[in-house]
Amino acid sequence: MAPETAGGDPGTGGAALPRHVAIIMDGNGRWAKKRFLPRFAGHKAGVEAVRTVTRAARAMGIEALTLYAFSSENWRRPEEEVSDLMGLLRVFIRSDIEELVRENVRLRVIGEYRRFSADLVKMVDDAIARTAANTGPILVIALNYGAQAEIAAAARSLARRAVANQLSVEAIDEAAIERELDTRDLPPLDLLIRTSGEVRLSNFLLWQAAYAELLFVDTLWPDFDGAALAAAVATFGQRQRRYGGL
Ligand code: FPP
């Protein structure tokens, strides 16, 4: 494949825009600590940043935004913090669903969120259903998500079909695996951002990140705003994507 700038429109010289951006929203706890506030205050400010950045992504014309809200490893946090995060998710759905419906946003969830409490699962399902007929940008929230579990589930599903003679072993290729992933009908991941200075992927979108541009920024998540997203997109625009070519 020929080298290309990161998706820019050569015809117009327009700035490159990633179709699909994913964010590991990290640093809520440190944001709170710096202010001598409880961790909950950091997560609450984190939800405000979710709102701001979601709106900014929409305004910029980004097709899909995936946010890592709760990882399959987050269950290891103290019970009170887990329950605070669930509470904030409830508040977010309750208070923001009207805006998502009105703004033509399609809400999607990746991860094993069905293991949350029944009322929260119902809330999430209702919210997804309310935006299902929308045709605009996609907001994907990763809930109880772990990339290795996602890939293992894909392997199990393909193995089941192979054992049932519905699929030949030779047909198990990259595209077949991709069709089993939670992200199957989303645009390819272009840009993966992690805030707060940590430099790791923490089991997030490992398959999908194969050719994504990675960006690690020092900003703590509650401070990440529209300008920070615009700066990240501008950096993306400067990257040369070669997909293994020269
Ligand atoms: C990381 O900060 C953040 C999380 C584990 C959760 C992210 C959740 C939200 C922003 C709120 C809920 C989301 C939605 C979509 C409503 P940290 O606590 O690990 O920060 P630290 O590393 O500084 O301690």
Side-chain angles (χ1 to χ4, degrees), residues 21-58 62 64-101 103 105-113 116-117 119-128 130-131 137-147 182 192-205 216-226 228-229:
V21 177
I23 309 182
I24 301 175
M25 309 181 286
D26 198 7
N28 295 347
R30 277 162 285 166
W31 184 94
K33 194 170 179 191
K34 268 173 56 181
R35 289 164 177 74
F36 306 100
L37 293 169
R39 290 178 61 80
F40 177 70
H43 292 314
K44 211 165 157 228
V47 176
E48 202 43 57
V50 166
R51 227 166 250 137
T52 307
V53 170
T54 304
R55 286 178 186 146
R58 215 153 59 216
I62 292 169
L65 177 69
T66 299
L67 301 175
Y68 207 3
F70 194 88
S71 80
S72 44
E73 286 74 33
N74 285 153
W75 294 109
R76 294 184 195 142
R77 294 191 175 205
E79 218 177 294
E80 189 189 340
E81 180 158 344
V82 170
S83 133
D84 282 347
L85 286 168
M86 303 287 162
L88 286 172
L89 182 65
R90 281 189 174 84
V91 170
F92 175 76
I93 294 175
R94 228 175 263 132
S95 58
D96 286 53
I97 184 65
E98 295 303 335
E99 177 175 334
L100 299 180
V101 171
E103 295 294 320
V105 174
R106 284 172 283 175
L107 180 68
R108 289 266 307 264
V109 168
I110 59 171
E112 297 177 13
Y113 73 101
F116 287 171
S117 66
D119 71 305
L120 184 51
V121 172
K122 184 172 174 346
M123 256 183 112
V124 170
D125 283 341
D126 286 350
I128 293 171
R130 284 201 60 196
T131 66
I138 308 171
L139 173 62
V140 186
I141 303 186
L143 293 177
N144 196 19
Y145 175 86
D182 291 359
L192 194 160
I193 303 168
R194 182 175 189 141
T195 60
S196 93
E198 308 286 348
V199 186
R200 55 178 172 269
L201 294 181
S202 297
N203 204 13
F204 190 44
L205 300 177
F216 299 94
V217 297
D218 287 335
T219 314
L220 302 175
W221 173 248
D223 293 327
F224 197 89
D225 56 11
L229 182 67

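All of these numbers come straight from a predicted model, not from anything done at the bench. For this chain, numbers begin at 1 and follow the sequence in order. As the structure lists them, so they are numbered: ligands from 1, and atoms in each ligand from 1.
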### ligand 1 atoms in contact with Arg39 (distance to a heavy atom under 4.0 Å)
17 (P), 18 (O), 24 (O)
### Query
For ligand 1, which atoms have a heavy atom of His43 less than 4.0 angstrom away?
18 (O)
I want to check something: taking the side chain as every heavy atom from C-beta on, are [X] and [Y] in contact at a cut-off of under 4.5 Å?
X: Thr54; Y: Leu67; result: yes
X: Phe92; Y: Ile141; result: yes
X: Met25; Y: Leu220; result: no
X: Phe70; Y: Met86; result: yes
X: Phe216; Y: Ile24; result: no
X: Arg77; Y: Arg39; result: yes

### Message
Testing the basics here: between Trp221 and Asn28, what is the closest heavy-atom pair and its distance to 0.1 Å?
### Response
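Shortest heavy-atom contact: CD1-OD1, 3.4 Å.
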Polar-atom distance check: [X] versus ligand 1, any N or O pair below 3.5 Å?
X: Gly29; value: yes
X: Arg30; value: yes
X: Asn28; value: yes

[atom]: nearest protein contact (heavy atom, Å):
atom: atom 4 (C) of ligand 1; value: Met25 O, 4.0 Å
atom: atom 13 (C) of ligand 1; value: Ala69 CB, 3.8 Å
atom: atom 11 (C) of ligand 1; value: Val47 CG2, 3.6 Å

### Query
Does ligand 1 have any atom that is closer than 4.0 Å to a heavy atom of Asp26?
yes
### Message
Any heavy atom of Ser196 closer to ligand 1 than 4.0 angstrom?
### Response
no
### Residue part near ligand 1, for Lys34, under 4.0 Å between non-hydrogen atoms
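It is neither part, as no heavy atom is under 4.0 Å.
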### Per atom 19 (O) of ligand 1, closest listed option by heavy atom (Arg90, Met86, Arg77)
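Checking each option, the heavy atom nearest atom 19 (O) of ligand 1 is found in Arg77.
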### Between Asp125 and Tyr113, a side-chain donor and acceptor under 3.5 Å
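Per modelled atom types, Asp125 and Tyr113 side chains form a pair under 3.5 Å.
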